[in-house]
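Down below is the structure, laid out as structure tokens.
Owing to the predicted nature of the structure, the values given are computational and were not obtained by experimental measurement.
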Amino acid sequence: MNLRPDIPAAIASDEWLKIDGEAEVHRIVSALRDQLRGVRKRGLVLGLSGGIDSSVSVALAVRAVGAKNVLALFMPENDSDPESLVLGREVADHFGVEAVVEDIGPTLQAMGCYERRDAFIRELFPKYGPDWRSKVVIASSLEGEGYNISSLVVQDPDGKLTKRRMSPSAYLGIVAATNMKQRTRKQIEYYHADRLNYAVLGTPNRLEYDQGFFVKNGDGAADVKPIAHLYKTQVYELAEYLGVPEKIRSRPPTTDTYSLEQTQEEFYFSLPYDRMDICLYGLNHGVPASEVAVACGLTAEQVDRVWADIAAKRKATRYLHLAPLLAAPVEEIAD
């Protein structure tokens, strides 16, 4: 989708992702108001992580329904970076919205989230225990053809980092246990949405939505997703236009899911968001790989590899976007 239909794709690369902030905010706010009327909800609730996407979403929600009709939720757990809560509070205060802390750590502990995850980690590192830390990382799509290989990085109590390739069963087990975090947060969001007659606002940007960087029935569940059409670069543009605090705008995107600090490109995208945006824009608008390569400082061959990785992710995660599949249609229920 070209957000600037007056400008063709074959323009200078530094203009590819430019948007008119005022016009885009007006469009999103108008859409949110129409959508809330359609579902008969009087406000919006969302998880506020202190990251750029949720911060921009709070600002848009306030523009749409007013600060008094927006509820922000902080949902830390045992592995969360304490800075996320600090920054989240700053955003909530800045935009004047009510905010509630819901510590989901005890719930996850009771469900066995950490215990289940650690059991799979110990298949690779038998000594792994409470004083250790870990994260999942993926090989860069620029390094060669074929499947991306996931590895586990652990830090022992002495601070030593070790990286090992995971078996498919260990990877799936660790991710399955970790996904409990996103699904538990979504339960809390819908609890507050139900009691207030609010809609749940999801915060994925275009990179995440397009390539399935979300958990089905977890952070992928929402009633409205107002920035899913925006490239990450454009989210940063809107952040500046909307007055999101500079501290948030200068913070690198993180997953804040694993106990070790982890960037999104380490875990999923394999490129920083600004270069991923250019590659995705080029693919979506038919820009030749050679032009995309110049724009993002890669070779044409590397761009082709990134495009292949995008296609593979789209195919593998298509089911995340699907509604429950029925054996036969129920004609009385409209799509």
Could you state whether Val175 and Phe125 fall into the same hydrophobic cluster, counting links through intermediate Ile, Leu, Val, Met, Phe, Trp or Tyr residues with side-chain heavy atoms under 4.5 angstrom apart?
yes
Is a side-chain N or O of His94 found less than 3.5 angstrom from the main chain of Gly243, in a donor-acceptor match?
yes
Does a side-chain N-to-carboxylate-O contact under 4.0 Å join Arg249 and Glu246?
no
Centres of the Tyr209 and His321 rings: under 6.0 Å?
yes
So does Asp309 pair up with Lys313, basic N to acidic O under 4.0 Å?
yes
Partners meeting salt bridge (Lys or Arg N to Asp or Glu O under 4.0 Å) with Arg185 (sequence neighbours left out)
none
Does Phe267 have its ring centroid less than 6.0 Å away from the ring centroid of Tyr258?
yes
For Thr178, which residues count as a side-chain hydrogen bond (donor to acceptor under 3.5 Å, both in side chains) partner, sequence neighbours excluded?
none
Under the rule for salt bridge (Lys or Arg N to Asp or Glu O under 4.0 Å), what residues qualify as partners of Glu83, not counting sequence neighbours?
none
Less than 4.0 Å between a side-chain N and a carboxylate O, is that true for Asp156 and Lys127?
no
Donor + acceptor pair across side chains of Tyr241, Glu24 (<3.5 Å):
no
Any chance the side chains of Ser49 and Ser54 put a donor and an acceptor closer than 3.5 Å?
yes
Ion pair Arg314/Asp210, N-O distance below 4.0 Å
yes
Would you say Gln262's side chain and Thr254's backbone share a donor-acceptor pair under 3.5 angstrom?
no
Between Arg206 and Ala228 (side chain of the first, backbone of the second, donor and acceptor by atom type, cut-off under 3.5 Å), is there such a pair?
no
For the CG atom of Asp223 and the CG atom of Leu46, what is their distance to the nearest 0.5 Å?
12.0 Å
Establish, from distance only, whether the side-chain atoms of His192 and Glu102 form a donor-acceptor pair under 3.5 Å.
yes
Would you mind checking if Lys186 and Glu189 are paired as a salt bridge, meaning a charged N to carboxylate O distance below 4.0 Å?
yes
For residues Phe74 and Val100: do they belong to one hydrophobic cluster (side chain heavy atoms under 4.5 Å, members Ile, Leu, Val, Met, Phe, Trp, Tyr)?
no
Run the ring-centre check on Tyr231 versus Tyr273 and record whether the distance is less than 6.0 Å.
no
Donor-acceptor pair between Asp277 and Thr233 side chains, under 3.5 angstrom
yes
Donor-acceptor pair, distance only, cut-off 3.5 Å: does the side chain of Arg117 make one with the backbone of Ala177?
no
